[in-house]
Structure formats: C-alpha cells, structure tokens
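Below, chains carry the letters A, B, ... as their sequence lines are ordered, and counting in each starts from 1.
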There are 2 protein chains.
Amino acid sequence: MTPKLEDVAKLAKVSKTTVSRVLNKRGYLSQKTIDRVYAAMRELNYHPNVVARQLYKSQTNLIGLLFPTVANPFFGELVDALEKNLYRQGFKVLIGNSMNDPKKEAAYLDQLLIKQVDGLIVGTHNQGIKEYDTANLPIVAIDRIMNADIPIVESDNYRGGELATERLIQRGAKHIIHTNGPIDLETPARRRRVAYEGTMQAHNLEPLTYTVDFNISAKAKKEIFEKIFQEHPEVEAVFAANDVDAALIMNVAQKLGRQVPKDFLVIGYDGTQVVRELMPNLTTIMQPTAQMAEQAVKVLGQRMNNEPTETEYILPVKLWSGTSA
Amino acid sequence: MTPKLEDVAKLAKVSKTTVSRVLNKRGYLSQKTIDRVYAAMRELNYHPNVVARQLYKSQTNLIGLLFPTVANPFFGELVDALEKNLYRQGFKVLIGNSMNDPKKEAAYLDQLLIKQVDGLIVGTHNQGIKEYDTANLPIVAIDRIMNADIPIVESDNYRGGELATERLIQRGAKHIIHTNGPIDLETPARRRRVAYEGTMQAHNLEPLTYTVDFNISAKAKKEIFEKIFQEHPEVEAVFAANDVDAALIMNVAQKLGRQVPKDFLVIGYDGTQVVRELMPNLTTIMQPTAQMAEQAVKVLGQRMNNEPTETEYILPVKLWSGTSA
DNA sequence: TTGTAAGCGTTATCAG
DNA sequence: CTGATAACGCTTACAA
C-alpha cells in the first residue's frame, strides 16, 4: 500500500508528530532530524494523504464551478479564466456541466454542499433550485440572479444592448430584430432586451424580440431563424443573443439570398477570443471574461473570509467592430 | 456548526451505526427506526460529510482531467463529453488547465496523485514530466503518448491526414503546405504529418511542413502564416493543424488578396460542433470527441478495476465537406 | 434488529 | 527540540 506518515516516522525513527512538523515546516527542528525525515520520505516515495488533511482541517481547497457546458466558447473561456485565478490562490476546481438539466444541477449541488468544496461559483441558467437557499456555503453567481444573499458578477448587459442596437441603427437599419432567452428567466441578460427596446423606441423604431431557448439544438434554432425571415421579410438586421446564434443567423440569411452586410446586418454577443479568431468579421459585444473571473474569485474569497461584499458587480463591455454590422 | 452523524443519532435516540445504516441502506432495520432517523436528518438539515467517507474508503470518486485549456473548443467539447460520461458513472471531475506550462502540470500531478483523485485522464502536450512514471494511479491518455504503461485513446490521425491531403489534391491543388506542432513532441498528431507527406509523395508532389507552436499567440501565428505566402507565393492550399489555425490562415490569405476557394484552399482539423456552427463552410476533419470520451472513460474504468486493456484505441475520423476546400 | 469500538491518515494540544 | 494522544466524521467487524 501507499506509505503513510507512520511508515516514514518508523523509518526515520521519530514520531508521527515530528514528521508532520517537517512536512508543514512548523516549530523548531534540528537539521539532522529534518534531513533524516526527508530521506525517509524519498526512500518510501511518500506523499501526504490530502483527504486526511481535509478531514482534520474541514476544508478541501476545492471550489465548485457550476456552468451549462464548457463546450460553449463563452463558458469555456470563463471557466478557463476562473481556473487560472483560483489556482493562483491555491484552489483546485471541481467542475459541473449542468447542461440546463435542473436535476443534474440539483444533484451536483447536493453533493458539493456536503463539504466537498469550500465555495461555489455558479453560472447556470436553471431556475428555482431551492438548495441554494439553505446552502451553507460561500457562493458567487456569474450572470445569474439567484437570491438576495448571493453576490452577482456580470458584464454591463444594459450598455451592451444599447451599444449593439445603436450600432445597427447608425448603420442605417430600421427593421431590427433581437433574439433573447426566455423572458421568465431572471437573468441579467434580460437587461439587453430592455436596452434594445428602449434604444429602439428612443429612435422611434419598433422593437421586436424573438425568444429562443438556449437548450435547443442548432437545427431547431435555424428553423426559428428562418421563421424570422418569413414572418418579417422587411427585417434588415438582427441583434443576436450570442455569437453562435449570430453565426447561425448569418448562415440562414445567406441561404435565403441575403448578403451580409450589403443587405442584411448581424451583430453578436460575447466576443470570446476564439470566436474573434474564427470570425473576425463578426461585429459583436465583448464580455470582459478575464475581469469577470477575477472579480468573481475575489468576491468569493471575501465571502469565505466573512468579509462584507457588494451585492452586484457590473463590468464594462466593448464593441468589436467587424464588417457584419 | 454543521450537524454530524452523531447529532442525528442523538436526536433519533439510536446509535451512529444505525444512522449510517439508514444512510447507506445497508442491513436490516425496522421501518420505525428508519422513519425516526430520516425525521431527525430533516430536522437538522443533515448532510453526510463526504471527506470523512472518502478517508475511510480511501477513494474519492473524483477523476482528474488534465488538459491544456477548455477555452479551446476542441478541449472544451472533449472535457464536456468526459464529464457527462463520468457523471453517469458516479464520478465528479477535477479539472486542471495546464496551459502548456510544465510547472503547472507537474504541480497538478503532484497534488492529484496524492489520493485526491481515483483516476486521471490526460491530454496535455507537455513532455518529460517524470511524475507520470511513478504515478501509482490509473491513467488514460487522450491523443498523447506518455509511457508504455498508459493506454492511449486517439482518433485516426493517419487517416485524417490522408483524407485532408487527398481532398486538396482532388480539388486540383499541387502546392500544398501543412502546418503542425513541434516535431519533437511525441504526439499522435505527428502521424498526420507522416500521412500528409506520404500522400503527397504518392502523388509525386513535394510536401512542405511548417512547424507552428500551439502555445504562441494568434498574432505570432499570423506572422508565421504571412511568411508562408511570402516564402512560397506558389502555395495553393494549406492543411492546417486545427480549425482555429485554419481560420487565421484564411484571414491572412484574404488580406493578401487570395480568394477562398477560388484561388486558395484551406482545410482544418478537429471539426467540433461549435466550429461547424460558426464556420459551416470550413472543410475540416472531424475528430469523434464523443466516442473518444466514452472510450477513455471505459478504459479508465477497466484500469481502476485492474482489468486488462489494450494499449491503444484508434477511433475513426470523418470529413466535413464545406466550401473552403 | 441494534450497539460498541476500532480504524481511515492527518494535525494540534499539551507535556516533557 | 521531541513525543503521546485526542480529534476530524464516517464505516464496518464483531457482539449482543
């Protein structure tokens, strides 16, 4: 079996306490003892058992990350940034891709709450999971409204909606359609819809929002987008809920003979690095993923130390100016 | 503090053993006792402490995933699929984005080997990390050669290289350049280079491979790609190491006045779902991420049960036929 | 059908 | 400077 502290102690002819002291560099120790212990460790290829340590300290140095799926570039980039920040602080990352399945999310939660992690960062879109309320655990939400106790880190969705809409108007479009998630979801992304509608009205234009569930397949989405063109042949521009949707819309538009940007404009949302590399011509609103991650980790740290925090952190967005709008 | 087993036992007026039995549905118990215990649990909002259980069982039900970064769509999709499969088997996932930093990879390894995880799935590109050799832990590699003890799951890189090269030749290109990672890395992706070179020679064409480090920035990559056109103005097609590189190359080509596919062809590699949605016109080789994930998890399971496994699993690739080549 | 007690591998208190 | 020993919260022989 894997050697334990006791084996090292025996081999080095010292007590367990001493080995533990060497391991944690605590207290006074003679150099001779230290050397003997290290030698014994090497000889046995000893590695301390983290779980035993976790039990005693009742902390795991693990942070849970609950997101829809890292297969989506936005969440992939965000999770990557979170991991980087957490690693720097000595935390490792336990990841759960709830994939919009409330059952899976609740199951994860149930298991993570159980002292498996020291904290949680949540960015899923599911609603009404009651476990969050009784969760006796520091939590931070990213782009998701949970309950009054849980601080939110988000990008400036209102400004993003405004920027996108203004861009399309400024480019000469009048019939502009917006796609967004279900209206009943209490997500900050809803503010984009509000911004879009407000900006349209301020310009005496008629807002029109299509609801597109994010869980559905690309094929189903495309059908909805085709309907947009059928039901509103006058449409000149679309402000999409995210970049993948924007790409799908461009694709549909081109199939229907619309040329971008000559007679149809598209603007996306998220603007991750990968998407900017794959489609540099797609005009989009960039969410500041790096700063969001940094802020979330910082706030989580404060929560874990019982320091006070704000309830909401709003980070600035930027326009990525391509040729699609 | 959070309630423990003992508190539940006291409240229900039974022993710790009984509570544990109820919790694990083991042995014979009277319904009355069961009900009393459940009631007590609810009253205290009790949740068992996983770490204590982990210590006793000396297993964590955690699997470590070591990959370069989930911000890259290929690894994002792969990690997503791995998580899905592992979750189904009752495992949770601890993730490490080594980001091509050998120090970080070694540090992760050091900590994960320490009884923190029950198994490891590795897909990083770093070389020469000796910890893997002494690792007393079931490991499976994805698209990476580690050492003789560690089974590899990969897609059919040779066939992929062949398919891509043949496609370009069949489309009429003669001056075809291939980009690939450093030749000294013992990665299965090297077989693509071999396949490319073999296929070219079989058609009496001269192969030419440019080495492009994957860790470098998009900007640095673009400079290398520009050099391709400068140094080889006769180039008619590029078989890129991956889809992101393919996109960058297309971008550079267009900036230099080359029209795709009229006078320049590009074929990518990976063919993840997101990329196919964003750039449906990009011809590429699709790696079977879902099957690779499933196979890796299956093999890891066998390893963990000390069952014999093959040393190599090669899964079939497919061509995604776009318009870029 | 239920309980007692030992043990999982650490750390920390206290004594020397 | 070093060593017994209890404790972290759970599971499981073994006993009753």
Side-chain angles (χ1 to χ4, degrees), chain A residues 1-38 40-41 44-62 110-118 136-137, chain B residues 1-38 40-41 44-62 110-118 136-137:
Chain A
M1 276 313 299
T2 41
K4 45 184 181 177
L5 204 92
E6 202 178 339
D7 302 320
V8 177
K10 256 183 216 149
L11 185 62
K13 297 191 197 304
V14 295
S15 73
K16 285 166 39 175
T17 311
T18 301
V19 178
S20 174
R21 283 204 184 100
V22 174
L23 216 50
N24 299 293
K25 308 191 194 308
R26 229 188 284 292
Y28 296 94
L29 295 163
S30 75
Q31 190 58 44
K32 219 179 87 193
T33 311
I34 295 177
D35 294 342
R36 264 222 318 279
V37 170
Y38 272 127
M41 287 185 186
L44 296 173
N45 187 25
Y46 168 79
H47 290 282
N49 181 316
V50 200
V51 175
R53 186 178 286 168
Q54 287 175 348
L55 176 59
Y56 187 87
K57 300 228 167 180
S58 66
Q59 84 178 37
T60 60
N61 291 315
L62 250 39
D110 243 16
Q111 304 191 31
L112 294 183
L113 294 181
I114 315 319
K115 297 272 163 199
Q116 172 97 272
V117 296
D118 295 344
N136 194 9
L137 192 76
Chain B
M1 275 317 296
T2 42
K4 45 186 179 174
L5 203 90
E6 200 178 340
D7 301 321
V8 177
K10 256 183 218 150
L11 185 62
K13 294 190 200 307
V14 295
S15 74
K16 283 166 42 176
T17 312
T18 302
V19 178
S20 173
R21 285 205 182 98
V22 174
L23 217 49
N24 299 294
K25 307 192 196 307
R26 225 188 286 291
Y28 298 93
L29 295 163
S30 75
Q31 190 58 46
K32 219 179 87 192
T33 311
I34 295 178
D35 294 343
R36 265 224 315 281
V37 170
Y38 273 127
M41 286 186 189
L44 296 172
N45 186 25
Y46 169 78
H47 290 284
N49 180 317
V50 201
V51 175
R53 184 179 287 167
Q54 287 175 349
L55 177 58
Y56 185 88
K57 301 229 165 182
S58 64
Q59 84 177 40
T60 59
N61 292 316
L62 250 40
D110 243 15
Q111 305 191 31
L112 294 183
L113 293 181
I114 315 319
K115 298 272 162 198
Q116 171 98 270
V117 297
D118 296 342
N136 195 9
L137 192 76

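Among the heavy atoms of the strands lying under 4.0 Å from B:R26 are primed sugar atoms or P, OP1, OP2 only; no base atom is included. Among the heavy atoms of the strands lying under 4.0 Å from B:T17 is at least one base atom, whether or not backbone atoms are also near.
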Could you walk me through whether B:R53 and B:N24 pass the side-chain contact (heavy atoms from CB on, under 4.5 Å) test, one step at a time?
-> CA-CA 11 Å; B:R53 184 179 287 167; B:N24 299 294; 3.9 Å; yes

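Side chain of B:T60 to main chain of B:Q54: no donor-acceptor pair is present (N/O by atom type, distance under 3.5 Å, no hydrogens or angles).
Considering every non-hydrogen atom in both B:L137 and B:V117, the closest pair reads CD1-O, 3.4 Å. The two atoms that bring B:K16 and B:L5 nearest to each other are O-CD2, 3.5 Å, heavy atoms only.
Side-chain atoms of B:L62 and A:Q116, non-hydrogen and from C-beta on, do get closer than 4.5 Å to each other. Side-chain contact between B:Y46 and B:L23 is present, with heavy atoms from C-beta onward closer than 4.5 Å. Residues A:D110 and B:H47 are in side-chain contact: their nearest non-hydrogen atoms beyond the backbone lie under 4.5 Å apart.
Rounded to whole Å, atom C1' of D:dT2 lies 13 Å from atom NZ of A:K32.
When DNA chain C is scanned 5' to 3' for any atom under 4.0 Å from a heavy atom of chain B, the first and last hits are C:dT1 to C:dG9.
In this structure, the side chain to side chain donor-acceptor pair (under 3.5 Å) partners of B:T33, at least two apart in sequence or on a different chain, are B:S30.
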What N/O pairs connect the protein and nucleotides 7-10 of chain D at under 3.5 Å? Give each pair on its own line.
residue, atom, partner, partner atom, Å
D:dC8, O2, A:Y56, N, 3.4
D:dG9, OP2, B:K4, NZ, 3.0
D:dG9, N2, B:A52, O, 3.4
D:dC10, OP1, B:Y46, OH, 2.6
D:dC10, OP1, B:N49, N, 3.1
D:dC10, OP2, B:L5, N, 2.5
D:dC10, N4, B:K16, NZ, 3.2

